Amino acid sequence: MSEPLPHGRPADGTGAASSTTAATPAAAATRRPVTGMLHSWDLSTGVDGPGTRFVAFLAGCPLRCLYCHNPDTRHMRDGRRTSADEIVGEAAKYVQFIRAGKGGATISGGEPLLQPLLTGELLHRFTHELGLHTALDTSGFLGDRATDALLADTDLVLLDIKSWDRALYRHLTHQELAPTLDFARRLADLGTEVWIRFVLVPGLTDATENIEGVASFAASLGNITRVDVLPFHKLGAEKWRALGLDFTLADTPTPTADQTAAARAVFAAHGLHAV
Ligand code: SF4
């Protein structure tokens, strides 16, 4: 989800029931398995949360970020219908390895909250069955689809705030900023740990007042333990071409080390741990 490395009946249309609703043995015996559209899964270290992690990339995203390095996860149809049982089973094979790497499991995408039932089921089972630290990697645009129960099973939220300037956010993502800020405030109220992700794009997001806005807001929340300033890159450009999409940032330079350090300094000046 995060770039550039990267709600009743669900919008994912699975019609599947959550195991958390199975209050009795009889109900449990008849419950249907939770399924959804999985793009892929992977193991990573130091990118998708702390330590070594099992990362499930769910298909579908309501944003259209100009710099998305996973444009192949935009649509639900880009995924394969997969059961939570299968995904948890895959993660279970690596539990010892993940524990040795002081990691956990991350639900990413695409946008995981486009499929809130599958996301909630996975977070619940990763933490309660496998005993893993859990992270949710999201733009926050669909934060209102995250139930309190889902968030109770989430140790860490990796939250992309792609711009402070609303018009720029709309230009970058084709969506509105306000739902992300509302979700950030809700996470603060819940005391959920959050890492902010901010992609530094020269000529777009790098204006001092834009970075200052994100930093000031983040510092006001009280639950931000880290800020990842992610230098824009073009590693996904080939995917755009392969999909027949116009990668409009082809001529945008990647930020220099000094530019990235300067952006981190703005966050640090607000008392935030920026890396
Ligand atoms: S389009 Fe979706 S998956 Fe791509 S960067 Fe934006 S939020 Fe992430």
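Bear in mind the structure is a predicted one, so any value in this text is a computation, not a measurement. Atoms within a ligand are numbered from 1 in the order they appear, just like the ligands themselves. Just so you know, residue 1 is the first one in the sequence shown, and it goes up from there.
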Between Cys65 and ligand 1, which part of the residue brings a heavy atom under 4.0 Å of the ligand: side chain, backbone, both or neither? both
All salt bridge (charged side-chain N to carboxylate O under 4.0 Å, His left out) counterparts of Asp148, not counting sequence neighbours: Arg186
Think Arg80 forms a cation-pi with Trp41, using NZ or CZ under 6.0 Å from the six-ring centre and within 45 degrees of its axis? no
Reported OG1-to-NZ distance for the pair Thr180 and Lys162, which is rounded to 0.5 angstrom: 8.5 Å
Does Leu63 reach ligand 1, in the sense of a heavy atom lying below 4.0 Å from it? yes
Under the criterion salt bridge (charged side-chain N to carboxylate O under 4.0 Å, His left out), I'd like the reasoning laid out for Arg125 against Asp153: C-alpha separation, chi angles, the key distance, then a yes or no. CA-CA 9 Å; Arg125 293 177 63 177; Asp153 288 328; over 6 Å; no
Which atoms of ligand 1 sit under 4.0 Å from any heavy atom of Gly110? 3 (S)
Confirm or rule out an N/O/S atom of Cys68, from backbone or side chain, lying less than 2.8 Å from atom 4 (Fe) of ligand 1. yes
